[in-house]
Amino acid sequence: MSEIEAYRQKARAWLQSVAPTYGRDALQGLSEAEHLAAGRAYQRAKFAAGFAGIHWDPELGGQGLTPLHKVVFEQEEMGFGMPIAYFGVSLGISVPIVLRFAQDRAWARERAIAALSGDEIWCQLFSEPSGGSDLAGLRTKVETEGNGWKLNGQKLWTTFAQHSDYGVIIARNDPKALKHKGLTFFWLDMKAQGVTVRPIKLAAAGHDHVNEVFFDDVRLDDGQRLSPVGGGFATAMATLMIERYSASDPAGFGPTTATFVELAKASEVNGRPAIQDGRIRSAIARSHAMRMGLEAITTRAMRMMAAGMEPGPEGSLNKLVSVRSRQKLSELAIDLMGQLGLAWDPLASSKDDWVASWLAAPTGRIAGGADEMLLNTIAEKILGLPQDHRPDKGVPFDQIPA
């Protein structure tokens, strides 16, 4: 037995041991507060068992294993419906950026351990009402004040901001600079005076994990700065390269291909098991091949990061294709379910319920970068196609028509 396979069996055995307490069935009927408490408790148990921060440096509370070990654990974890959503941004995006760029290394280590153990949650404050996926079009303003900074503006679609202790944020410090210049990157105390969080309920699926966040004369110390002054866009790009992988999995955060196979075995098409229908078998084959390809892209990116390299733009392909595939497969599953496909459980998880998956898929095609932005990245960075004409290129930001 290989070392990786032995690790998989170890992970599976641990997950099976805690599933009665934290798994899908145990979470049924919980209130939001109870669900969050269960998530924190599960993350704490994960940390104690050595399954949090699997590929992080041991000095930062991690296990010092390879990205492949992390992928293996997450593959096993996915099937149990554990309450892990609250920590995806923290551990997949925000805290890794803080560890990379924070000036106070001891403070960064404290935050890493607190996040790994479920005690603290982070959010990412990028999108704005007037900018959407156009990050460089942001208008949130940060100005020097004494030996620090003053922050004013608004962010939108911020995941789990209502539960967050800290966040990472990019704001415009020089409106007279070019659009992609004059931006600076900070970490932020979400409980600081002047920070207001308002949850938004998503109408289709009824979720309320996203928020709008307002900043009114919020004070920032210069020690909270994570980029050179005016050099925040490069730091944001490093964040987004990570997000393209953490904001997707081969199943697009929907049910697995194996789950669809089980549905096809239990359903009928023209009086025969659906699994015997050539069109259904073709859909299963396409889904399996696509998801295995995306898994290979993710594994390659993890190994690059472990070697100290930057993950490539292929993450945009991963994010784009996985969620589109999930949407199509969910639609086909609902068709197979017939009248049962009209039923909707507002408490169901999009990872194991086809209706919930289909309803939430459009949100997934916006979160972490809209389809159109990803297509641009694929065209320019992977295929080498020329960039579209941009009338705002080379123009100071304050001279671009609003």
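These figures come from a predicted structure and were not determined experimentally.
- With respect to the salt-bridge test (charged N to carboxylate O, under 4.0 angstrom), the residues E74 and K70 qualify.
- Centroid-to-centroid, the aromatic rings of Y86 and H209 stay 6.0 Å apart or farther.
- Taking a cutoff of 4.0 Å between a charged side-chain nitrogen and a carboxylate oxygen, D371 and K319 do not qualify as a salt bridge.
- Ion pair R219/E145 flagged as a salt bridge, since at least one NZ, NE, NH1 or NH2 atom sits closer than 4.0 Å to an Asp/Glu carboxylate oxygen.
- For the pair R111 and W107, the cation sits on the ring face: its NZ or CZ lies under 6.0 Å from the ring centre, inside 45° of the axis.
- When the options K179, H180, K181 are evaluated for a side-chain contact (heavy atoms from CB on, under 4.5 Å) with F233, the one that passes is H180.
- Figure legend: R24 and F80 shown without cation-pi pairing, the cationic atom not lying both under 6.0 angstrom from the six-membered ring centre and within 45 degrees of its axis.
- Residues R326 and V321 fail the side-chain proximity criterion, which asks for heavy atoms closer than 4.5 Å.
- Between R8 and E76 there is a salt bridge, since a side-chain N of the basic residue sits under 4.0 Å from a carboxylate O of the acidic one.
- Side chains of S322 and S325: no donor on one and acceptor on the other come within 3.5 Å.
- I97 pairs in a side-chain contact (heavy atoms from CB on, under 4.5 Å) with only one of the listed residues (W122, W187, F185), which is F185.
- The nearest pair of heavy atoms linking A52 to Q43 is CB-NE2, 3.7 Å.
- Judged as a side chain to side chain donor-acceptor pair (under 3.5 Å), and not counting sequence neighbours, the contacts of W149 are D222.
- Remark: K328 does not engage E331 in a salt bridge, criterion side-chain N to carboxylate O under 4.0 Å.
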